[in-house]
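In what follows, a single structure is set out as structure tokens and then discussed.
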2 protein chains.
Amino acid sequence: MNMKNANAASIRDMKKNCEHVSGVLKALAHPQRLMILCHLAEGEKTVGELQELCTLSQSAVSQFLKRMKLENLIDSEKRGLFVHYRIVDPDVKKLMNSLYGIFCR
Amino acid sequence: MNMKNANAASIRDMKKNCEHVSGVLKALAHPQRLMILCHLAEGEKTVGELQELCTLSQSAVSQFLKRMKLENLIDSEKRGLFVHYRIVDPDVKKLMNSLYGIFCR
DNA sequence: TTAGTATATTATATTTTATGAATATGAAAA
DNA sequence: TTTTCATATTCATAAAATATAATATACTAA
């Protein structure tokens, strides 16, 4: 087995992984987006519920949600007048659990 | 027991936690800082070693390290001509392990 | 003391992100 | 069909992050 190539490959992987993971982290790396995710980690919420829970303006919540939706961390479903948001990316669920385990006790 | 106060307290905790954790995440949320941390997760490294491993300029490595040192993720020790960096925050070590477990396989 | 090597700092141009106000959309109720 | 309610979008501006080049420090060896 050619070690040189093996290393080159794993460095490439590492770079790729770091690019992806840092993108995810960037989406979480804001006090209020993280707060929103903490609430979503406990289950689906509407925009209005998040607005109350996080004491944020409607516009702010909407923009934060959009940002995280773009990064595919969450998705939404409109039912009647309300839009329900939830975490979709299973990796993000795992990450939120890890964060809780590490930093919240 | 007063539920209202209990909730108020836990919301306060949540806010505090989110502020701290998002600070940590922000420090990781850059492809090359994350790359540096991945290498440090495997053990102490000098600035020059990181520069080679990550193909970055000396100045860039130095600045990234400074940034993460300010956030107390890492620290450094000068021995002779070389400065050795390592991860100090045990939470960051755990987090790097989680990230690896979630995103790198 | 001079030269060389490893690292740190500074300056700055550029890009990205945050914030808040105003306005728009679109579904439902009256 | 007008009004109301939940949510989304746009826009202006401020603030922060990033990249890069140039220069400085500080230790070592000759």
Side-chain angles (χ1 to χ4, degrees), chain A residues 15 18-40 43-88, chain B residues 15 18-40 43-88:
Chain A
K15 225 176 207 165
C18 284
E19 265 155 36
H20 171 235
V21 177
S22 69
V24 173
L25 294 179
K26 206 177 280 187
L28 307 203
H30 182 289
Q32 299 179 305
R33 284 197 299 267
L34 192 55
M35 187 83 156
I36 288 174
L37 279 177
C38 287
H39 287 295
L40 290 182
E44 196 175 270
K45 300 271 178 302
T46 69
V47 179
E49 285 170 336
L50 292 169
Q51 184 179 345
E52 275 242 335
L53 285 165
C54 305
T55 35
L56 286 170
S57 76
Q58 186 273 313
S59 170
V61 179
S62 224
Q63 286 182 77
F64 286 140
L65 290 170
K66 185 184 182 183
R67 171 82 157 73
M68 294 192 284
K69 201 174 171 184
L70 273 176
E71 194 74 32
N72 293 309
L73 308 190
I74 61 180
D75 77 353
S76 61
E77 189 185 342
K78 186 155 194 175
R79 296 207 287 277
L81 205 44
F82 298 85
V83 180
H84 300 258
Y85 279 85
R86 60 175 173 255
I87 299 178
V88 269
Chain B
K15 225 176 207 163
C18 283
E19 265 155 36
H20 171 236
V21 177
S22 69
V24 173
L25 294 180
K26 206 177 280 185
L28 307 204
H30 182 288
Q32 302 181 302
R33 283 197 300 267
L34 191 55
M35 187 83 156
I36 288 174
L37 280 177
C38 286
H39 288 295
L40 290 182
E44 197 175 89
K45 300 272 177 304
T46 68
V47 179
E49 285 169 336
L50 292 169
Q51 183 180 346
E52 275 242 335
L53 286 165
C54 306
T55 34
L56 285 170
S57 76
Q58 185 273 313
S59 170
V61 178
S62 225
Q63 287 182 77
F64 286 140
L65 289 169
K66 186 184 181 183
R67 170 84 158 71
M68 296 192 283
K69 201 175 172 182
L70 274 176
E71 194 75 31
N72 292 309
L73 308 189
I74 61 181
D75 78 351
S76 61
E77 189 185 341
K78 186 156 193 174
R79 297 208 286 277
L81 205 44
F82 298 86
V83 182
H84 300 257
Y85 279 85
R86 58 174 176 255
I87 298 179
V88 269

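Each chain gets a letter, A, B and so on, in the order its sequence line appears, and its residues count up from 1.
- The side chain of K66(B) lies closest to dT9(C) when the candidates are dA8(C), dT9(C), dA19(D).
- Distance CG (D75(A)) to C1' (dT7(D)): 16 Å, rounded to an integer number of Å.
- In this structure, CG of L56(A) is placed 14 Å from P of dA8(D), rounded to the nearest angstrom.
- Within the 4.0 Å cut-off from OP1 or OP2 of dT18(D), at least one side-chain nitrogen or oxygen of R33(B) is found.
- With the nearest nucleotide of DNA chain C identified for both K69(B) and A60(A), K69(B) has the one nearer the 5' end.
- Counting to the nearest Å, the C1' atom of dT7(D) and the CD atom of E52(A) are 15 Å from each other.
- A straight line from CZ of F82(A) to C1' of dT25(C) spans 16 Å, rounded to a whole angstrom.
- Atom-to-atom, CD of E71(B) to C1' of dA17(D) comes out at 14 Å; the value is rounded to the nearest Å.
- For R67(A), the listed nucleotide lying nearest its side chain is dT17(C); candidates were dT7(D), dA27(C), dT17(C).
- Nearest-nucleotide mapping onto DNA chain D: of K26(B) and Q51(A), the residue sitting toward the 5' end is Q51(A).
- Taking 3.5 Å as the limit, the base of dA6(D) and the side chain of Q58(A) contain no donor-acceptor pair of atoms between them.
- Listed by chain and number, the residues in a side-chain hydrogen bond (donor to acceptor under 3.5 Å, both in side chains) with R86(A) are E44(A), D75(A), E77(A) (sequence neighbours excluded).
- We find the NE2-NZ distance between H30(A) and K26(B) to be 6.5 Å, quoted to the nearest 0.5 Å.
- Residue H84(B) places none of its side-chain N or O atoms closer than 4.0 Å to OP1 or OP2 of dA6(C).
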Sequence neighbours left out, cut at 3.5 Å: what donor-acceptor pairs do the side chains of residues 50-62 of chain B make with other protein atoms?
{"residue": "S57(B)", "atom": "OG", "partner": "A60(B)", "partner atom": "N", "Å": "3.0"}
{"residue": "S59(B)", "atom": "OG", "partner": "Q63(B)", "partner atom": "NE2", "Å": "3.1"}

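- Comparing dA19(D), dT10(D), dA26(D) by their nearest atom to the side chain of S59(A) picks out dT10(D).
- Proximity note for S62(B) (side chain, C-beta onward) versus dT9(D), dT7(D), dT7(C): the nearest is dT7(C).
- Straight-line distance from the CD atom of E77(B) to the C1' atom of dA26(D): 17 Å, rounded to whole Å.
- Between the NE2 atom of H20(B) and the CD atom of E71(B) there is a distance of 7.0 Å, given to the nearest 0.5 Å.
- In the set dT5(C), dT9(D), dG26(C), dG26(C) carries the atom at the smallest distance from any side-chain atom of L81(A).
- Counting to the nearest Å, the P atom of dA8(D) and the CE atom of M68(A) are 12 Å from each other.
- Contact between the side-chain N/O atoms of Y85(A) and the OP1/OP2 oxygens of dA8(D) is found at a separation under 4.0 Å.
- Of all nucleotides listed (dT20(D), dA8(D), dA8(C)), dT20(D) comes nearest to the side chain of Q63(B).
- Two residues, R79(A) and S57(A), neighbour DNA chain C, and the one matched to the more 5' nucleotide by heavy-atom proximity is S57(A).
- Of the candidates V24(B), V88(B), L40(B), L73(B) forms a side-chain contact (heavy atoms from CB on, under 4.5 Å) with just one, namely V24(B).
- Following rounding to the nearest Å, L25(A) (CG) and dT17(C) (P) show an atom-to-atom distance of 14 Å.
- With rounding to the nearest 0.5 Å, the separation of CD1 in I36(A) from CD in E49(A) is 12.5 Å.
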